[in-house]
Each structure stands twice: as C-alpha cells, then as structure tokens.
Amino acid sequence: MKLRTSLLLACTVAFFTVCVQAQPAIFKDADYKLGEKLIADSQCVACHVGKVGGDGSAIYKPQGRINSAALLRGMVEQCNTELNLGMFPEEVNSVAAVLNRNHYKFK
C-alpha cells in the first residue's frame, strides 16, 4: 500500500511539474486561481458570448490575430483598458495564463 501511495504521489508531482513547465516564461509567476476568479468576476464569458455567440469560445482563436503568449497578454490588457476593469499587470498576466492553459496552449 505504501509503495502504491508513493508511486501515485510521484506521478502527481511529475504531472504538475510538466504542466507548469509547459507554460511560456511570461506566465511563470501567474496566479491561476486569481485568473480564474477575475475571469468569472469580470464576466468575460458573457461579453464574449455577446460578441461571437454560442458559448463565447470562438473568440479565443481569431484567425491569425493572436499567435504568441505576448499577444495574448496584450489582448487581455486591451480588454482591461477598454472595459475599465482596473486590473493590475499581475492580474492581467494571471488571466492571460488561464486563457493560455485552457485555450491557446502556447509553450
């Protein structure tokens, strides 16, 4: 039983290490829980549904517009500015990191 628990723990640690390393360096200090909360609190999904319809996810990969982690972060900053959300740079970075993890998958 101890060996099985140890193996499970080792696999879990390895999985999370790989997941964290898969993110671009620009997101290395991102707070994913904060990013998820900000997305919910700012009603990003509702805004995206209003713009593109459906579940709003079509907005995440506009043809040729966002093709790097830096451009993704810039787009989140643009939303922050245009909508007067008042996010600090580290909050913008956290939101962009969540979007990258869930939709864009830049490495």
Taking side chain to side chain contact (heavy atoms under 4.5 Å, CB included) as the criterion, tell me which of Ile39, Leu38, Val76 meets it with Val98.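 The side chain to side chain contact (heavy atoms under 4.5 Å, CB included) with Val98 is passed solely by Ile39 among Ile39, Leu38, Val76.
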Salt bridge or not between Glu36 and Arg101? Use side-chain N to carboxylate O under 4.0 Å.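 Here Glu36 pairs with Arg101 in a salt bridge, since their nearest N and O are under 4.0 Å apart.
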Measure across Glu77 and Val92 and return the closest heavy-atom pair with its distance rounded to 0.1 Å.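 Nearest pair, atom of Glu77 first, then Val92: OE1-CG2, 3.3 Å.
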For Gly56 versus Val49, what's the shortest heavy-atom pair and its separation?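 It is N-CG2, 3.7 Å.
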Hey, is the main chain of [Y] close enough, under 3.5 Å, to the side chain of [X] for a donor-acceptor pair?
{"X": "Asn93", "Y": "Ile26", "value": "yes"}
{"X": "Ser94", "Y": "Asp31", "value": "yes"}
{"X": "Gln23", "Y": "Lys28", "value": "no"}
{"X": "Glu82", "Y": "Cys79", "value": "no"}

Can you confirm whether more than 12 heavy atoms, excluding those of Lys33, are under 6.0 Å from its NZ atom?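 No, NZ of Lys33 has 12 or fewer neighbouring heavy atoms, counting only those of other groups under 6.0 Å.
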Quick check for you: to the nearest 0.5 Å, what is the distance between [X] atom [atom1] and [Y] atom [atom2]?
{"X": "Cys44", "Y": "Leu85", "atom1": "SG", "atom2": "CG", "value": "7.0 Å"}
{"X": "Ile66", "Y": "Phe106", "atom1": "CD1", "atom2": "CZ", "value": "7.0 Å"}
{"X": "Leu83", "Y": "Cys47", "atom1": "CG", "atom2": "SG", "value": "5.5 Å"}
{"X": "Asp29", "Y": "Glu90", "atom1": "CG", "atom2": "CD", "value": "10.5 Å"}
{"X": "Arg73", "Y": "Asn80", "atom1": "CZ", "atom2": "CG", "value": "9.0 Å"}
{"X": "Asn100", "Y": "Lys107", "atom1": "CG", "atom2": "NZ", "value": "8.5 Å"}

Please walk me through it: do Leu71 and Arg65 pass side chain to side chain contact (heavy atoms under 4.5 Å, CB included)? CA-CA 8 Å; Leu71 287 173; Arg65 282 189 64 197; over 6 Å; no
Should the pair His103 and Tyr60 be assigned to parallel (<30°), tilted (30 to 60°) or perpendicular (>60°) ring geometry?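 Taking Tyr60 first and then His103, their aromatic rings lie parallel (interplane angle under 30°).
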